[in-house]
Participant: 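I have a structure I would like to understand better, so I am pasting it below and will then ask my questions one at a time.
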Amino acid sequence: MSVVIAKERVDEMKSSRRVLKTLEYTPTKVQKGYTDKTLYINLTDNQVEFKDIPAVVKEKFIGGKGYGLWHLWKGVNADTKWNDPENEIVISPGPIAGITQYPGAGKSLVVSISPITGTVIDSNVGGHFGPLMKFSGFDALEIQGKAEKDVVVFIDGNKGTISIEEAPVETVDSHILAEELTEMYADDEEDKRHISVVSSGQAAEHSYIGLLNFSFYDKRKKAQRLKQAGRGGIGTVFRDKKIKALIVKYKGVKGDSNAPVDVEKIKQVGMKLHKEVHDFDDEQCQMRQVGTANLFETMSDYDLLPVNNFQYGSHKDAAKTGGRAALKKVLQQDEPDGCWFGCSMSCAKSATAYELQTGPYKGQKVVVDGPEYETIAGVGSNCGIFDIDYVLECNFYCDTYGVDTISFGTLTAFAMECFERGVIDKEVTQGLELTFGNKEAAMELLHQMARGDGFGVIAGKGVREMRKLFVREYGADENLLLDIGMESKGLEYSQYVSKESLAQQGGYALTNKGPQHDEAWLIFMDMVNNQIPSFDDKAEALHYFPMFRTWFGLQGLCKLPWNDVEPISNRSVEGPEAAKVPEHVQNYVDLYNAVTGNNIDKQEMILQSERVYNFQKVFNIRLGVVGIEGDRAPYRSMGPVTKEEFLSREDRYDKQMKENIGIDPEGKSLEEKMKITRDFRESQFAQLRDTVYKRRGWTVEGIPKVEHLQNIGMDLPEVLEVVQPYFK
Ligand code: SF4
């Protein structure tokens, strides 16, 4: 149900505005997917600048995440912290973003220095902001500095105006703010479709896990829909800069707005995929009916669903909570939703008219975007909660308060386990009974985060900071907390149990930004289908898939239409090649060439990503994340930490001891068996790490070799300057 904004409220907002800067410009027309322009804004002195993007940057960084990384590199230095004014938020959609003929082509990439990892984070998000910004004349928006008071930035791509305005009265929480600003800037109901708002929420101000909501107007529901750039706390940076919202308005999106060189080719490739979605989605993933949540029950069936802080992998109540039948009851069924025009996969589900049970909006009926798989697993099963209404309530408040559901779920689960093991008590939690399954306590924790009081402020700093505090102040066993605290580089794990998939352990820990499944998701290839048995096989997969997935982030694409529907041709592809979905990879090559007029093949596609991926790795090194410690994984991601965990799968571990390690478990004590298992699994992970580094062209300490950087064409002087000291 939409929030209705009264005319008096709009008048109040308008009259309270103080214009700090306004500028007219002539929007550059998009040519072959690009405008070659960046809009630079410094909020400290309200400087607005239009920058040309050099040809060499276009060639080496492509767009999207690549542009974000390059701008950020130029804006910061080796000592910049997340809350320094020099830190930037860069939003860039990429050259393919904005086409309307192929599913999943409206994404934006957001890049910043993260409060939770202290290094570079990137997040991929739907909603209409990125494409509308490009059609307004900009391939990237680069925001630096800090405002003194809350501001909004408004880009009008039709009139050619940019303004920075103080905005003192608007609500911070996203579900209202997006409605308020859309109402304020739209000429009429129809005009709302031409506006997109980027915002965060009040919990982003008191935590390190703030997210950004990117809106689009849902004409059928007459409501704002919100898609999230969730990971790594970019919403926290946003509010630290005192940005209340970014608004873009552009009317005139057409099938050829991206000015591609071969629109017929794009249509042809698009039609092929639309037909596959139409023909196979019902029998394959049911993305149109339940979205990514279709995975929930399957994960439980394969012992991959995180339960009680990743201790266990399945639960008897999984089907009741996140099963397809349960989801169909709460989700809007008759109207498949796409988060950009032309996405027939339409997985952007929502529950409408959900009546809130808690918090400041209690009793109101609202639209809840999602829930996605990661949310149901994160705030639900991983916290021992199997209640779909709770998931909707928590999902709604996380979004509107501006916090990441994945990090919130994982950090709450960690706090719950610490509470149950006596590491912390009610004195520390200030009265919260944080036991697994206690949904009231979990909800209160979230509300505290939004209000900036109670244990919510401590928890909101994330697993890594909580661990340090519990060790320092409450004498907790650091080794235990290192084992059960599900973070790497400071980022909380996303929601898959990786104990039985060595490749996925690498897919989580051997990443640039931290354990997020959008770099590599290899569990089925590795564990279920056993298609990559050797270390070399796994290392090859941990080279190819992160590079391939990086490519979506360069182009402004959604990953889901790549492999959440499979064409008939894939039935005859064998082995690990099947996981690549070769026909769809060719679709992407065709799309890129048809938009840009370039002529790449599948190899050059990987090379484009490899340049940017290695640049990001060097960026981490520049910011001080060096050596294998930077890729440390908590033992719980590799194996059973506690006796209960071991005993819950004792037969499996005994069998593996005999067959894989060559030791007979007969007569061994539980402690002995746990140690043997741990030593073996940790040595396997170390061997995998060494093999992956080698495959990626890095040293045993994870430093990209100079020769490798030269070979792939990422040998810019400033990049070599960072790595060369390690080779003296
Ligand atoms: S598949 Fe889903 S997330 Fe991806 S673009 Fe389409 S609607 Fe958006």
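Numbering of ligands and ligand atoms starts at 1, following listing order. All values derive from a computational prediction rather than experimental measurement. Along the sequence shown, residues are numbered consecutively beginning with 1.
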Participant: Counting from 1, what ligand 1 atoms have a heavy atom of Lys107 closer than 4.0 Å?
Facilitator: 3 (S)
Participant: Asp337 heavy atoms, cut-off 4.0 Å: which ligand 1 atoms fall inside?
Facilitator: 7 (S)
Participant: Find all atoms of ligand 1 within a distance of less than 4.0 Å from any non-hydrogen atom belonging to Gly104, and give their numbers and elements.
Facilitator: 5 (S)
Participant: Verify, without hydrogens or angle tests, whether Thr412 (side chain) and Phe408 (backbone) share a donor-acceptor contact under 3.5 angstrom.
Facilitator: yes
Participant: Mind checking the CZ-OG spacing from Arg231 to Ser407? Nearest 0.5 Å is all I need.
Facilitator: 4.0 Å
Participant: Could you find the nearest protein heavy atom to atom 8 (Fe) of ligand 1 and give me its residue, atom name and distance?
Facilitator: Cys339 SG, 2.4 Å
Participant: Salt bridge between Lys272 and Glu583, side-chain N to carboxylate O under 4.0 Å?
Facilitator: yes
Participant: Is the shortest distance from a Lys or Arg side-chain nitrogen in Lys559 or Asp564 to a carboxylate oxygen in the other one below 4.0 Å?
Facilitator: yes
Participant: Quick test: of every protein heavy atom, which one is nearest to atom 4 (Fe) of ligand 1, and how far off is it to 0.1 Å?
Facilitator: Cys558 SG, 2.3 Å
Participant: Would you call Glu372 and Lys349 a salt bridge, taking side-chain N to carboxylate O under 4.0 Å as the test?
Facilitator: no
Participant: Salt-bridged, Asp337 to Arg288, with N to O below 4.0 Å?
Facilitator: no
Participant: Would Gly338 count as a contact residue for ligand 1, given that I'm defining contact as a non-hydrogen atom of the residue lying under 4.0 Å from a ligand atom?
Facilitator: yes
Participant: So between Gly127, Ala348, Cys343, whose heavy atom ends up nearest atom 6 (Fe) of ligand 1?
Facilitator: Cys343
Participant: Could you find the nearest protein heavy atom to atom 3 (S) of ligand 1 and give me its residue, atom name and distance?
Facilitator: Cys347 SG, 3.5 Å
